[in-house]
Enquirer: 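Quick one: the structure is below, questions incoming.
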Number of protein chains: 2
Amino acid sequence: MPARAATLTDVAKEAGVSLATASRALNGSDRVVRAELHARVLEAANRLGYTPNAQAQSMARGSSDLVGLLVNDIADPYFSTIAAGLASAAEEQGLLVMLCSTGGDPGQELELLAALRRQRGRAIVLAGSRIDDRAHLRKLSEQVDPFIEAGGRVAAISEPKLPVDTVVVDNKRAARDLAVRIGELGYRRPAVLTGPDELLVSRNRRDGFAEGWTGDAPIVVADEFNRDGGFNAMQRLVDSGPEVDCVFAVNDLMAMGAMAACRDRGIEVPRDLAVAGFDDISTLRDVTPALTTVRLPLTEMGRMALEMVLNDPVAKPRRRKVQGEVIVRESTPAR
Amino acid sequence: MPARAATLTDVAKEAGVSLATASRALNGSDRVVRAELHARVLEAANRLGYTPNAQAQSMARGSSDLVGLLVNDIADPYFSTIAAGLASAAEEQGLLVMLCSTGGDPGQELELLAALRRQRGRAIVLAGSRIDDRAHLRKLSEQVDPFIEAGGRVAAISEPKLPVDTVVVDNKRAARDLAVRIGELGYRRPAVLTGPDELLVSRNRRDGFAEGWTGDAPIVVADEFNRDGGFNAMQRLVDSGPEVDCVFAVNDLMAMGAMAACRDRGIEVPRDLAVAGFDDISTLRDVTPALTTVRLPLTEMGRMALEMVLNDPVAKPRRRKVQGEVIVRESTPAR
DNA sequence: TTGAAAGCGCTAACAC
DNA sequence: GTGTTAGCGCTTTCAA
């Protein structure tokens, strides 16, 4: 057998019909093919194990059934849950997802975006925090704009920094709500474990919490936006020895790291110190003490982004705001 | 501006050279283009914001830079970690990953495999447990074989049920090792919380454990292969009231579910009951009590699969065995 | 070194 | 209804 897949031409020949008829019979069109020929074509296709070449189809049709998804890190449950939502919505639409994981590296982000662009998918979804860097945002636009100009569609799941349809989590508000609840629970001296300042999520969650807090301004310790960051930040916090009765880590992974650090230092959560996170990662819903956090509809957000990006484009970018819901659990008992 | 991206023809025209020259200047080839023309082409391309059309390139070249990845559920940390490994290896090779998540549904798996096949990527990686179903395996082969026949490459990360290169976890052996360790720790009456019998991973882990166990055969409770399955299985186990001093859940998610069920029933882990899992999901490394489990090099497995699938094909499918490492933590203290 | 032209596999006018 | 044919954007002989 040849190292070559059967083509439509092969099928047409085998069925004794024209290329056009074969195309119409197999891949639909308004034109109708006589039942007999139709059957003959299907049979031939079957016999030859014919599979349409989607690349050729997109070229000829001028439209593709690929959508790109760019995330910071697909191993991070935050993004993998979004990806799952987006992928399942894509499947329903008969679309295929091209996945790129940047590792949080802006340079990589640009390169992968370019790669996605080259594939001429019908849309690209950018998930992951925008960093507050004018130069980088400009470079992103240099990729995004021509893609849109050429008929592509782009949406983001992030802080609304790019002029594209965006699913935006109201981080500030949710963090504010959380601060209020923490206050109501009787805590008096909170600390915030935050990520790098350039990361907008991180900043907004921190600021939102501070806004919602009525007592003295919380102590803030910054580190990486992941588990190890939470661990390290917590260690530094403990070592600097301030009086603190509760800690808000700006995401669940950091909160887990923080709790691990507490354990290392003999601090018992929540007896000695309360801990709260953000995201409500489902894999972590069974940890003990159960983590107080802000629930985000991650799967839904992935679906929403796909929906937006498939909608007809509008002149003005749409914003779909998503609200987080404070979930109080054992890690922040009333005191 | 036109809703149409600049093409190579546009660039050639703009630079006042032939199509062929433009192609050679921009997208490399053995032929060398005179420096002056080269510069002129690059400039024109830049001015026009030209991006090569990867689809057209694949068609013309007869080879694509897409690889497909089919997983059971991208939201499951097991698969998202594998995907991360594979994606990062792919990036290094300048390849793009098309991601499909089947939801564990065999029908869906077939459809998505077909979709992947249509895209004419250079390779497809199938990650996820094979179910032991002759009819389904045959249908899979009906997709896989012609793809390979036509020059495509396929690899799997699973039990070696398909005649393709496979990264295979030695589940049986690792589970056996775990059983031995559990025995050495002083446990006497274990139960196994397993998944559906058709799932080969699930079965092999269960059987491996039983093999490694020297006392009376462990009680076995089967349910779904996920968190809720662990929860439900554990409830049923408790309700049926047998004497058990330790539980092996065949994956970490089930173990988490099992621990949650214990909490519900007032059983304290590990004081009243020890629990062990399998996979060593990184998101769960900080839970308390720390989970005894079998560590799998998931990221590495993703990389390995890509590597295999890009290697020259060999007549006989390769098998790369991966060993799990038993990690004893607090959830199974010596007693 | 450069250019003209023949495909790659398919769709969509356009004719019959 | 069905067939012919001109593209889609690119690479790659083959000549010049």
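By convention in this document, chain letters (A, B, ...) are assigned in the order of the sequence lines, proteins followed by strands, and residues within each chain are numbered from 1.
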Enquirer: Residues from residues 7-23 of chain B sitting under 4.0 Å of DNA chain C, heavy atoms only?
Expert: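 Residues of residues 7-23 of chain B under 4.0 Å from DNA chain C: B:V17, B:S18, B:A20, B:T21.
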Enquirer: If you assign each of B:R61 and B:V32 to its closest nucleotide in DNA chain C, which residue comes earlier from the 5' end?
Expert: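 On the 5' side of the pair lies B:V32.
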Enquirer: Are any non-hydrogen side-chain atoms of B:V97 and B:L86 less than 4.5 angstrom apart?
Expert: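 Side-chain contact under 4.5 Å: yes.
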Enquirer: Whole angstrom is fine here: how far is it from CD in A:Q57 over to P in C:dC10?
Expert: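 After rounding, the gap between these two atoms is 7 Å.
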Enquirer: Assess the side chains of A:T51 and B:R118: does a donor N or O sit below 3.5 Å from an acceptor N or O?
Expert: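 No.
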Enquirer: Kindly write out the residues that satisfy salt bridge (charged side-chain N to carboxylate O under 4.0 Å, His left out) with A:E36, not counting sequence neighbours, or none if the list is empty.
Expert: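 A:R34, A:R40.
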Enquirer: What residues in residues 36-50 of chain B put a non-hydrogen atom under 4.0 Å from any atom of DNA chain D?
Expert: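 Listed by number, they are B:Y50.
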Enquirer: Below 4.0 Å from chain A heavy atoms, what is the first contacting nucleotide of DNA chain D and what is the last?
Expert: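 In short, chain A contacts DNA chain D from D:dG1 to D:dG9.
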Enquirer: Whether B:R34 contacts C:dT2 is assessed here as follows: a side-chain N or O lying under 4.0 Å from the phosphate OP1 or OP2. Is that the case?
Expert: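 Yes, because at least one side-chain N or O of B:R34 sits under 4.0 Å from OP1 or OP2 of C:dT2.
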Enquirer: Could you tell me the separation between the CD atom of A:Q55 and the P atom of C:dG7, rounded to a whole number of Å?
Expert: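 Between P of C:dG7 and CD of A:Q55: 21 Å.
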Enquirer: Taking the basic N atoms (NZ, or NE/NH1/NH2) and the acidic carboxylate oxygens, is any pair closer than 4.0 Å for B:E109 and B:R130?
Expert: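 Judged by the 4.0 Å cut-off on N to carboxylate O distance, B:E109 and B:R130 do form a salt bridge.
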Enquirer: Using the C1' atoms of five pairs at each end, what's the angle between the two axes of the helix from C:dT1-D:dA16 to C:dC16-D:dG1, to 10 degrees?
Expert: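 Helix axis angle between the two ends: 40°.
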Enquirer: State, without any angle test, whether B:S63 and B:R122 hold a side-chain donor-acceptor pair at a distance under 3.5 Å.
Expert: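 No.
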Enquirer: Of all heavy-atom pairs between B:M98 and A:L96, which one has the smallest distance, and what is that distance?
Expert: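 The answer is SD-CD2, 4.3 Å.
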Enquirer: Minimum heavy-atom separation for B:V154 and B:V309, please, with both atom names.
Expert: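 In terms of heavy atoms, the two residues are closest at C-CG2, 3.7 Å.
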Enquirer: Starting at atom CG of A:N27, determine the distance to atom P of C:dA12, rounded to an integer number of angstrom.
Expert: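 About 10 Å, once rounded to whole Å.
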Enquirer: Keeping the roles fixed (side chain from A:T21, backbone from A:V17), state whether a donor-acceptor pair exists under 3.5 Å.
Expert: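 Checking the backbone N and O of A:V17 against the side chain of A:T21, no donor-acceptor pair under 3.5 Å is found.
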Enquirer: In whole angstroms, how far is the P atom of C:dG9 from the CZ atom of B:R118?
Expert: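 Answer to the nearest Å: 17 Å.
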Enquirer: Would you say B:S58 and B:R120 are linked by a side-chain donor-acceptor pair, where the criterion is simply a distance under 3.5 Å?
Expert: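 The criterion, which ignores hydrogens and geometry beyond distance, is not satisfied for B:S58 and B:R120.
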Enquirer: Given atom CE of B:M59 and atom P of C:dT11, what is their separation to the nearest angstrom?
Expert: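 Result: 11 Å.
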Enquirer: Any salt bridge between B:R4 and B:D10, counting N to O under 4.0 Å?
Expert: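 Yes, B:R4 and B:D10 are salt-bridged.
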Enquirer: Who are the salt bridge (charged side-chain N to carboxylate O under 4.0 Å, His left out) partners of B:E307, not counting sequence neighbours?
Expert: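 If we apply the salt bridge (charged side-chain N to carboxylate O under 4.0 Å, His left out) test to B:E307, skipping adjacent residues, the hits are B:R320.
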Enquirer: Looking at A:R319 and A:D165, is there a salt bridge between them, counting it only when a charged N and a carboxylate O are closer than 4.0 Å?
Expert: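 No, A:D165 and A:R319 are not salt-bridged.
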Enquirer: Indicate yes or no: at least one non-hydrogen side-chain atom of B:T166 is less than 4.5 angstrom from one of B:I157.
Expert: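 In short, these two side chains do not touch, never coming nearer than 4.5 Å.
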